[in-house]
Amino acid sequence: MSGGQRALRAVPGWIWAALLAGLAAQLGVQALRPPPATAAEDLPPAPRAQALRAASLGEPAALARLAMLYLQAYDLGAGNALPYRRLDYARLVQWLRAILDTDPRSEYPLFAAARVYAEVDDPARCREMLAFVHQAFLEDPNRRWQWLAHAALLAKHRLQDLALARRYAADIARLTTDPSIPLWARQMEIFILEDMNELAAARIMLGGLLATGRITDPQERRFLQGRLEELERRLASKP
């Protein structure tokens, strides 16, 4: 054990408790009473997740929510004409990462990333936020698939980047294992392949999906069978 660790152990417990309580109170007050003149570009460096967990005094979920409120003060300030475009997205991702690490079961940071910050009219910022959502998905696919599905839709429709949309959709199909995840989420790659005019690949994937027997709903099976037949007709008509 290092000398630094022994020195920390020597600090009386009541001093640690006082310090942590003060830090938690400061974060709480700042979150609940954001300065009226807060500017987006004034977003400070993100704290480390370890510091947030320590300051939570055993209530990481509560502190994570307070930290999200504090973070959102920087895009809700009265002086922000173009709040999201003015945010430092590299720093914003660090905040979201720290908050998510503080309470990994919270969906608040991923909701804000996918449904708020990623929808800014700035392709570079959008891509940065989608990359954060994708990385978070990889850490817990069965619980976070819906945010990557939304990211795939944004990549397709907002960024017009079908290759990126396909990558996200393929990861949902490949990495999720929970049987309660809806089939439409696992079928996204097939329809994106159609949009990419990769009809042969789409036909192979759709035919394979139908052959597995996983689709038991008669209406859904008829729908997908119809799409497969349509793909085969389109391929047959190609020169």
Side-chain angles (χ1 to χ4, degrees), residues 2 4-5 7-8 11 15-140 143-144 147-148 150-151 154 159:
S2 69
Q5 289 175 314
L8 290 175
V11 177
I15 293 180
W16 279 116
L19 288 172
L20 296 179
L23 179 57
Q26 183 180 16
L27 276 173
V29 169
Q30 288 178 328
L32 296 173
R33 301 179 60 186
T38 295
E41 59 267 30
D42 292 335
L43 181 64
R48 292 185 303 168
Q50 297 94 319
L52 288 175
R53 283 194 295 269
S56 72
L57 299 178
E59 296 290 342
L63 189 61
R65 287 193 293 271
L66 287 174
M68 280 299 303
L69 291 173
Y70 173 75
L71 178 61
Q72 289 182 303
Y74 288 88
D75 52 64
L76 297 175
N80 296 349
L82 295 171
Y84 304 142
R85 290 179 65 88
R86 288 166 53 184
L87 282 168
D88 180 336
Y89 263 48
R91 190 166 284 184
L92 176 60
V93 166
Q94 292 171 358
W95 270 94
L96 293 170
R97 178 77 267 174
I99 295 169
L100 187 61
D101 287 345
T102 300
D103 180 19
R105 297 190 63 81
S106 174
E107 297 193 30
Y108 198 172
L110 291 171
F111 169 84
R115 300 302 301 272
V116 180
Y117 298 122
E119 295 194 358
V120 67
D121 188 18
D122 183 315
R125 283 178 165 86
C126 180
R127 288 179 185 277
E128 199 166 358
M129 202 54 60
L130 295 187
F132 163 70
V133 172
H134 182 230
Q135 180 58 46
F137 162 83
L138 294 176
E139 296 162 9
D140 195 349
R143 290 188 59 250
R144 296 173 178 172
W147 306 117
L148 191 63
H150 188 74
L154 287 177
L159 296 178

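- Annotation: the span from Leu92 atom CG to Met129 atom CE amounts to 4.0 Å, rounded to 0.5 Å.
- Pairs passing the salt bridge (charged side-chain N to carboxylate O under 4.0 Å, His left out) check and including a residue from residues 52-62, sequence neighbours excluded, do not occur.
- Evaluation of the side chain to side chain donor-acceptor pair (under 3.5 Å) rule for His134 yields Asp171 as partners, not counting sequence neighbours.
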Quick one: do Leu43 and Leu71 satisfy side-chain contact (heavy atoms from CB on, under 4.5 Å)? Show the steps, please. CA-CA 8 Å; Leu43 181 64; Leu71 178 61; 3.6 Å; yes

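- Considering only residues two or more places apart in sequence or on other chains, Arg143 meets the salt bridge (Lys or Arg N to Asp or Glu O under 4.0 Å) condition with Asp140.
- The shortest heavy-atom contact between Thr102 and Pro60 is O-CB, 3.4 Å.
- Residues passing the salt bridge (Lys or Arg N to Asp or Glu O under 4.0 Å) test with Arg127, sequence neighbours excluded: Asp161.
- Closest approach of Pro47 and Ala98 over heavy atoms only: O-CB, 3.3 Å.
- The minimum heavy-atom distance linking Ile99 with Ala64 is given by the pair CG2-O, 3.6 Å.
- Remark: side-chain polar atoms of Tyr89 are not paired, donor with acceptor, to backbone N or O of Ala124 under 3.5 angstrom.
- From Arg115, atom CZ reaches atom CG of Leu110 across 12.5 Å, with rounding to the nearest 0.5 Å.
- Pro45 meets the side-chain contact (heavy atoms from CB on, under 4.5 Å) test with Arg91; sequence neighbours excluded.
- Put simply, CG on Leu154 and CG on Leu148 are 10.5 Å apart, with the number rounded to the nearest 0.5 Å.
- The minimum heavy-atom distance between Ala118 and Leu130, with the atom names listed, is CB-CD2, 3.9 Å.
- One distance of note links CZ of Phe132 with CZ of Phe137; it measures 14.0 Å at 0.5 Å rounding.
- Residue pairs that meet the side chain to side chain donor-acceptor pair (under 3.5 Å) test with at least one member in residues 103-112, sequence neighbours left out, are Gln72-Tyr108, Glu107-Gln146, Glu107-Trp147.
- Minimum heavy-atom separation, Met68 to Ala112: CE-CB, 3.8 Å.
- Listed for the Trp95 side chain is no donor-acceptor partner under 3.5 Å among the backbone atoms of Ala67.
- Remark: Leu100 CG to Leu52 CG distance equals 12.0 Å, nearest 0.5 Å.
- Rounded to the nearest 0.5 Å, atoms CG (Leu159) and SG (Cys126) are 4.0 Å apart.
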